[in-house]
Amino acid sequence: MEKQWQVFYYDSIFHTMDYCKIDEALSKKEGEKVKIRGWIYRRRSAGKISFIVIRDSTGIIQTIVEKDKVSEKDFKASQKALIESSVELEGIIHEDNRAPGGREIHAINFRVINFADDFPITEYQSVEFLLDNRHLWLRSRKLTEIMKLKAKTLRIIRRWFDENDFYEVTPTVITLNAAEGGATAFSFKYFDQKAYLSQTAQMYLEALIFSLERVWSLTPSFRAEKSRTRKHLTEYWHLEAEEAWVDNEENMKIQEELVSYVCQNLMKEANNELEFLGRRKDELKVIEPPFKRISYEKALKKLQKKGFDVKWGDDFGAPHERVLVEGEEKPIFVTNFPIETKAFYMKISSDKKTVKCADMLAPEGYGELIGGSERSEDIDSMIKRLKAQGANIENYQWYFDLRRYGSVPHSGFGLGLERLIMWIAKLDHIRDATPFPRMVRRASP
RNA sequence: GCCGGCGUAGCUCAGCGGUGGAGCAUCCGGCUGUUAACCGGACGGUCGCCGGUUCGAAUCCGGUCGCCGGCGCCA
C-alpha cells in the first residue's frame with residue numbers, strides 16, 4: 001500500500017457534529033444535503049464513477065462518487081479504498097430505483113479516515129474461519145441484527161421486572177459451592193483455596209429474598225460440560241429470579257408473563273431485526289399466558305405411546321423434548337419431575353416421588369428455556385440428597401442458615417438468555433446469540 | 001465421554017498413484033449506473049503434521065493435531 005493512502009484526514013473539513021445516521025439519510029427528500037460516516041460495505045467502480053455502499057449502526061446506503069463532481073484526491077480515494085475502510089462524506093440525496101433502498105447519495109466530498117487492509121472475510125466463508133475471525137464477523141448484518149435484538153430483549157426484561165416489584169441484584173460469580181454437582185464446574189485457584197466459577201446465582205439470590213423479597217440478576221454462568229450441541233455454551237448469560245412467598249404455581253405464572261411480555265414487546269420494538277432474522281410477527285403474537293402444563297408422568301406416557309423407550313426416572317433428552325413440543329405454538333411447562341432427576345434444593349411434593357418444579361420448553365425444538373422450582377426448606381432432606389451426590393456439606397452451612405432464620409416458602413427460576421434469543425431469532429446455533437461464544441473447543445477471540 | 005465428517009493458494013473448493021488447478025479476494029489495465037458488477041492480465045502453495053508402502057504419494061496405509069456436526073449432560 002502506498003504511503004499517501006495512510007494519511008489520517010480526520011481534522012480536514014468535517015469537524016462539525018452534524019452527521020446523520022444512515023436510516024435518517026434514507027428518509028430524507030430528493031435534493032437534501034447530508035453528511036454521513038461509516039464503513040465501506042460494498043464497492044464497485046466503472047471508469048469515471050464509483051459505487052460505494054456505506055454501513056453504519058443503522059443500515060446501509062449507496063453512495064455515488066463521480067470523477068467530475070469531486071476533487072481528484074477524493075475520487076482516487078473512492079477507487080482505492082477497500083471494504084471496511086472507514087469514511088465520511090457529504091452529498092446530495094437522490095431518489096433512484098436503481099439504488100438499493102431506493103435512495104442514494106451523490107457525493108460532494110469523500111474522505112477516507114482509515115484505509116483498510118484486505119478484509120479477510122469475503123464471499124465464501126466456513127464456520128471455522130468465521131469463528132476465528134469473530135472480532136471482524138461481528139460487523140456482518142446478521143450478527144448486528146442479533147446483537148440489537150438481544151439489547152432490546154434485555155431492555156424489555158428490565159422493564160418487566162421493574163414493573164413487577166423485583167429488585168435487580170448483583171451476586172458473585174466466584175463460589176466454593178459447585179451447586180449442580182462438582183464435575184461440571186470450572187475450578188481455579190483462589191489464593192490458597194479451590195474455588196469455582198458460578199453455575200448459578202440461585203443460592204445467593206435466595207439469601208437476598210429475606211430482605212428484598214423479589215430479586216433478579218443477570219450474570220454469566222459457567223458449565224464445564226463437554227457438550228457438543230447447537231444449544232450449549234460453556235459461558236452464558238443467566239437470568240435468574242427468586243421470589244419469597246411464591247409457590248411453584250405462581251412461579252410458573254411469573255415465567256410465562258415475563259416470556260410473553262418479551263415477545264409482545266419485541267414485536268413492537270424490534271421490527272427490522274425480526275424481519276431480517278426471519279421471525280414472523282404472528283408467531284410472536286400468539287405467545288401469551290397461559291402456557292400449557294404437562295406433568296412428567298403424562299409426558300412420559302405420551303413418549304411411551306410414541307414408541308420411546310423411556311421409564312420412570314429417566315430424564316428427557318433432545319429427541320423427547322422435540323416430540324413434547326410438536327405442534328405447539330407456545331412454550332410449554334413440564335412439571336413434577338422425579339426427585340432423583342433434579343437438584344437437591346427443589347421441594348419434594350406430597351407424593352414423595354416428585355419435586356415441585358417446572359421446565360419451560362420452547363416451541364420448534366429449541367429446547368429448555370427455563371428451569372424453575374419451589375425451594376426445599378427441609379435441611380435434613382437436602383443434606384441427604386447432597387451426600388448422595390458426594391458434595392461437601394460444610395460449604396452449604398451458610399445456605400442452610402437461610403432455613404434456620406425465618407424461612408418462608410419461596411421459588412425461583414433460571415433462564416438461559418442465549419437460548420431465548422436463539423428461539424426468538426430462529427438461529428440454527430446458539431453461538432450466534434452471543435458476540436464471543438465460549439465452547440468446549442473455543443475460547444478465542 | 002461416545003459416533004460421524006473434513007483439513008489443498010488469503011477465502012471457498014475440485015483433483016484421489018505420474019510436472020499442483022478453478023472461482024473469489026488482492027495488484028495492474030479497461031469501462032459513466034453498478035446491484036456479492038463486468039472484461040483482460042499478474043501475484044499467490046511445506047496439499048495440517050509425523051512416519052510407512054511405492055521407481056514415484058496431495059492421492060494408498062498407520063499415527064497425531066486441529067476443526068465441524070450429532071448424542072449424552074444441562075439453561
Side-chain angles (χ1 to χ4, degrees), chain A residues 1-2 41-53 60 62-69 75 79-80 82-84 94 96-102 104 106 116-133 136-137 140-141 179-181 183-185 199-202 219-240 255 314-322 331 341-343 359-362 366-372 413-423 428-431 433-434 439-442:
Chain A
M1 187 181 293
E2 294 172 54
Y41 178 69
R42 295 281 183 268
R43 58 180 203 122
R44 296 173 280 274
S45 76
K48 293 175 182 161
I49 183 167
S50 301
F51 301 89
I52 312 282
V53 181
I60 59 171
Q62 176 166 280
T63 299
I64 309 301
V65 185
E66 289 175 274
K67 195 170 184 179
D68 355 318
K69 304 271 174 69
F75 183 70
Q79 297 221 304
K80 286 279 177 189
L82 301 184
I83 283 176
E84 290 304 323
H94 279 296
D96 191 321
N97 54 19
R98 288 171 298 187
E104 62 189 13
H106 284 220
D117 287 358
D118 304 357
F119 199 62
I121 300 174
T122 59
E123 196 168 343
Y124 308 104
Q125 311 100 0
S126 63
V127 172
E128 182 183 356
F129 185 76
L130 292 179
L131 286 172
D132 286 343
N133 289 281
L136 301 176
W137 182 234
S140 71
R141 295 191 75 188
E180 318 260 331
T184 61
Q199 297 178 301
T200 169
Q202 182 202 316
T219 57
S221 272
F222 302 89
R223 301 285 164 99
E225 295 148 0
K226 293 195 170 173
S227 300
R228 294 194 51 79
T229 82
R230 59 181 68 189
K231 290 198 288 240
H232 288 84
L233 295 166
T234 54
E235 176 196 35
Y236 66 98
W237 285 83
H238 206 171
L239 183 88
E240 293 173 278
Q255 294 165 40
D314 291 345
D315 209 344
F316 297 150
H320 308 119
E321 287 178 355
R322 265 193 296 275
T341 61
K342 293 291 182 184
D359 285 354
M360 187 195 287
L361 305 182
Y366 282 98
E368 191 178 342
L369 290 178
I370 294 181
F413 63 90
L415 177 151
L417 184 63
E418 287 78 14
R419 287 261 178 100
L420 180 71
I421 297 299
M422 185 188 177
W423 164 51
D428 52 17
H429 202 294
I430 198 167
R431 63 183 160 224
T434 200
M439 296 173 294
V440 182
R441 308 236 179 187
R442 186 168 291 276

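Values in this document were obtained by computation on a predicted structure and should not be read as measured data. Basis for what follows: all heavy atoms, side chains included, without hydrogens, waters or symmetry-related copies. In what follows, chains carry the letters A, B, and so on, assigned in the order in which the sequence lines appear, proteins first and then strands, with residues in each chain numbered from 1.
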Practice task
Would you classify A:E235 as touching base, sugar-phosphate or nothing, given that sugar-phosphate means primed atoms plus P, OP1 and OP2, and contacts are heavy atoms under 4.0 Å?
Solution key: nothing

Problem - Annotated protein contacts, base or backbone, on nucleotides 64-69 of chain B with a non-hydrogen cut-off under 4.0 Å, one of B, S, - each - result: ---SBB

Exercise for the section: Give one of base, sugar-phosphate or nothing for A:A99, where a contact means two heavy atoms less than 4.0 Å apart. Expected result: base

Exercise for the section: Choose from B:rC11, B:rU34, B:rC74 the nucleotide whose nearest atom is closest to any side-chain atom of A:R98. Expected result: B:rU34

Exercise for the section: Describe the nucleic acid contact of A:D315 in one word from base, sugar-phosphate, nothing, applying a heavy-atom distance below 4.0 Å. Expected result: sugar-phosphate

Completion exercise
Winner on side-chain proximity to A:E321, out of B:rU34, B:rC74, B:rU32, is B:rC74

Protein-nucleotides 25-27 of chain B N/O pairs closer than 3.5 Å?
residue: B:rU26; atom: OP1; partner: A:R43; partner atom: NH2; Å: 3.3

Exercise for the section: For nucleotides B:rU26 and B:rG15, find the distance between their C1' atoms and express it as a whole number of Å. Expected result: 25 Å

Exercise for the section: Could you work out the separation of B:rA9 and B:rC43 based on their C1' atoms and round it to a whole Å? Expected result: 11 Å

Practice task
Determine the Euclidean distance between corresponding C1' atoms of B:rG7 and B:rA58; express it in Å to zero decimal places.
Solution key: 12 Å

Handout entry: Aromatic-base stack, A:F51 on B:rG33, cutoff 5.5 Å, angle under 30
Key = no

Problem - Non-neighbouring partners of A:H320 that pass side chain to side chain donor-acceptor pair (under 3.5 Å), sequence neighbours left out - result: none

Exercise for the section: Could you work out which one of B:rC71, B:rC73, B:rA75 sits closest to the side chain of A:S227? Expected result: B:rC73

Practice task
Tell me what A:T229 touches on the nucleic acid: a base, only sugar-phosphate, or nothing, going by heavy atoms under 4.0 Å.
Solution key: base

Practice task
List the atom of A:W423, the atom of A:P331, and the distance in Å for their closest heavy-atom pair.
Solution key: CH2-CG, 3.9 Å

Practice task
Scan A:Y236 against the nucleic acid and name what it touches under 4.0 Å (heavy atoms): base, sugar-phosphate only, or nothing.
Solution key: base

Exercise for the section: Select base, sugar-phosphate, or nothing to describe what A:Q62 touches, counting heavy atoms under 4.0 Å on all strands. Expected result: base

Fill in the blank from the handout: Considering only heavy side-chain atoms of A:K226, the closest of B:rC71, B:rC73, B:rG1 is B:rG1

Exercise for the section: Would you check if there is a donor-acceptor pair between the side chains of A:Y236 and A:R223 at a distance under 3.5 Å? Expected result: yes

Practice task
Would you indicate what A:L415 reaches in the nucleic acid, counting non-hydrogen atoms under 4.0 angstrom: base, sugar-phosphate, or nothing?
Solution key: nothing

Exercise for the section: Indicate, with a heavy-atom threshold strictly under 4.0 Å, whether A:L239 touches base, sugar-phosphate, or nothing. Expected result: nothing

Fill in the blank from the handout: Those residues at least two apart in sequence (or on a different chain) that pass side-chain contact (heavy atoms from CB on, under 4.5 Å) with A:H94 are A:E30, A:I92, A:E104, A:H106

Problem - Toward the 5' end of RNA chain B, by each residue's nearest nucleotide, A:D428 or A:G416 - result: A:D428

Practice task
Sequence neighbours left out, what passes side-chain contact (heavy atoms from CB on, under 4.5 Å) with A:R141? Give chain and number order.
Solution key: A:Y41, A:I60, A:F276

Problem - For A:D96, salt bridge (Lys or Arg N to Asp or Glu O under 4.0 Å) partners two or more places apart - result: A:R98

Practice task
Quick one: label A:R322 by what it contacts on the DNA or RNA (base, sugar-phosphate, nothing), any heavy atom closer than 4.0 Å.
Solution key: sugar-phosphate

Practice task
Scan every strand shown for a Watson-Crick or G-U wobble partner of B:rG18, both distances under 3.5 Å, and answer none if you come up empty.
Solution key: B:rC55

Practice task
Assign A:S50 to base, sugar-phosphate, or nothing according to its heavy-atom contacts below 4.0 angstrom with the strands shown.
Solution key: nothing

